[in-house]
2 protein chains.
Amino acid sequence: MNDVICTVDVVLLTIKDNGLSVALLKRDREPYKDVLALPGGFVHVREDADARGAAMRVLKEKTGIVAPYLEQLATFSGPLRDPRGWSLSIAYYALVSFEVIGRAGHPDVQMLSVDQRLELPFDHRGIVDAAVARLRSKSQYSSLPCYLAGDTFTLPQLQRIYEALMGEPLNKVSFRRKMAEMAMLEAVEGRMEAGGAHRPAQLYRLKPALREHLAVLERGL
Amino acid sequence: MNDVICTVDVVLLTIKDNGLSVALLKRDREPYKDVLALPGGFVHVREDADARGAAMRVLKEKTGIVAPYLEQLATFSGPLRDPRGWSLSIAYYALVSFEVIGRAGHPDVQMLSVDQRLELPFDHRGIVDAAVARLRSKSQYSSLPCYLAGDTFTLPQLQRIYEALMGEPLNKVSFRRKMAEMAMLEAVEGRMEAGGAHRPAQLYRLKPALREHLAVLERGL
DNA sequence: TTAATAGTGTCTGTTAGACAGTATGGG
DNA sequence: CCCATACTGTCTAACAGACACTATTAA
């Protein structure tokens, strides 16, 4: 009655070159061997405390990354999405800064722009699209994009991330008012961003209390 | 490797007595026989086109209702939620007007206020809470609550539904401005609400084009 | 005519964005 | 000094909510 193939897939997103990129790996077995696909795998009833645990395990095994933000996206199912039979995938999306991917140093992981619209096996194209839509939607009224920044970042850097997600330039004064309204950042004393021939920007980090749950705005950006 | 119990559960919500109520049924088999629980059942690989199809089938079988709005909520999983073993439930939520439940006429279906916080078997209490939170959240900026009204309704009726969901009175002028902004309603000619010793209200219905997808607001209510 | 609710015009306080100014680094 | 970018003060336009007024029915 219940011969359902149960898997998890993870859409690992980051900001690279001012645009969203997704982590893909060449599959190491059939079906679609050697084709670029999302990191995914079977749910292991013996090891996994739940589907989220399976997603964390799969992400760690395939990319070496323990993502600070991992949220369930949706479940995709049906008889046709996997040639092996009626299958079901609980999809998660994870957000990390580009540095974290570099530090993990898995050479198999390829970061491809989501705008490139590469064809993907299974229904992975639809899963990626859903993750990007969810991220863009939540970015309009929450602190979610902070997880795409590094541990510390400046307000101009953070604004560039928001702008990349929203696809339009934002008003600087309004943006800063909103960030203050969410009350999620704390200044990192002493250290400023070096770099250009101009005034350096204040560094911030997410308040430790907000490492787990998002800050949200009454009205969007 | 994949001995996962795959089920769907449906949170059928309606507005009754100016408050949210959820449809519950006495379970007809073990575990938790005769205990009130969400309508749910196994995914049938032979019949169901996907998990959504399973949810529609289960809802129809157990309550006689074909809901105009049925959306995936989340997937709940783990070894402890079902005494039979490591299980997974893809939860959906559906919205209908109270009349539709009456017309379906299934005497086993009980509508209980979500505020009553009745204890439920499995993790059904958490599933109901998640559905209510999702509905309340989406109500702040979309036409979603219209599915809780009947086929035709007046603006005062619709405002009362929004107010029941938001838990606070809304400004009449602003509410009407927002409904106009969403451009989702069309007046039903000729017919007005009868009833009281006062001016009758204009009847509206959802525009046919919006029967499938929601209208959303740039800024919330 | 009165009571009761439907629907609308308008005023005002709040909020968001434009603009322009000051601040502070490197060259 | 100049230039570039960070940051901030302030004006204005858009928006949301309060209030009051008109409209329309039954009794």
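Quick caveat: nothing in here was measured; it's all calculated off a predicted structure. Each chain gets a letter, A, B and so on, in the order the sequences are listed, and its residues count up from 1.
- Residue pairs that meet the ring pair (Phe, Tyr, Trp, His ring centres under 6.0 Å) test with at least one member in residues 183-206 of chain A, sequence neighbours left out, do not exist here.
- Put simply, CZ on R177(B) is 12 Å from P on dT8(C), counting in whole angstrom units.
- Minimum atom distance to the side chain of A201(A) is reached by dC7(D), of the listed dT25(D), dT5(D), dC7(D).
- For K178(A), whose side chain is taken as the heavy atoms from C-beta onward, the closest listed nucleotide among dA16(C), dA26(D), dG25(C) is dA16(C).
- Considering all non-hydrogen atoms of both residues, A215(A) and M184(A) come closest at CB-CB, 4.2 Å.
- Side-chain contact between L155(B) and Q159(B) is absent, with no heavy atoms from C-beta onward closer than 4.5 Å.
- Summarising the geometry, the separation between CZ on F175(A) and P on dA16(C) is reported as 14 Å, rounded to the nearest angstrom.
- A perpendicular orientation is assigned to the rings of Y162(B) and F175(B), their planes being inclined by more than 60° (bins at 30° and 60°).
- What separates CG of L170(A) from C1' of dC7(D) is a distance of 17 Å, to the nearest Å.
- With rounding to whole Å, Y141(B) atom OH is found 17 Å from dA16(D) atom P.
- Residue side chain K172(B) reaches the base of dG7(C) through a donor-acceptor N/O pair under 3.5 Å, judged by distance alone.
- For a distance-only test at 3.5 Å, the side chain of N171(A) fails to qualify as a donor-acceptor partner of the base of dA16(C).
- Here dT5(D) presents its C1' atom at 9 Å from CZ of R199(A), a figure rounded to the nearest Å.
- To the nearest angstrom, P of dA18(C) lies 16 Å from CZ of R176(A).
- Two residues, H198(B) and R219(B), neighbour DNA chain C, and the one matched to the more 5' nucleotide by heavy-atom proximity is H198(B).
- A 6.0 Å sphere centred on CG of D151(A) holds no more than 12 heavy atoms belonging to other residues, nucleotides or ligands.
- For the pair Q157(B) CD and dT5(C) C1', the computed distance is 13 Å after rounding to whole Å.
- Rounded to whole angstrom, the span from the CE atom of M179(B) across to the P atom of dG7(C) amounts to 14 Å.
- The side chain of Q202(A) approaches dC7(D) more closely than any other nucleotide in the set dC7(D), dT25(D), dG7(C).
- When the nucleotides dT10(C), dA26(D), dC15(D) are ranked by their closest atom to the side chain of V173(B), dT10(C) comes out on top.
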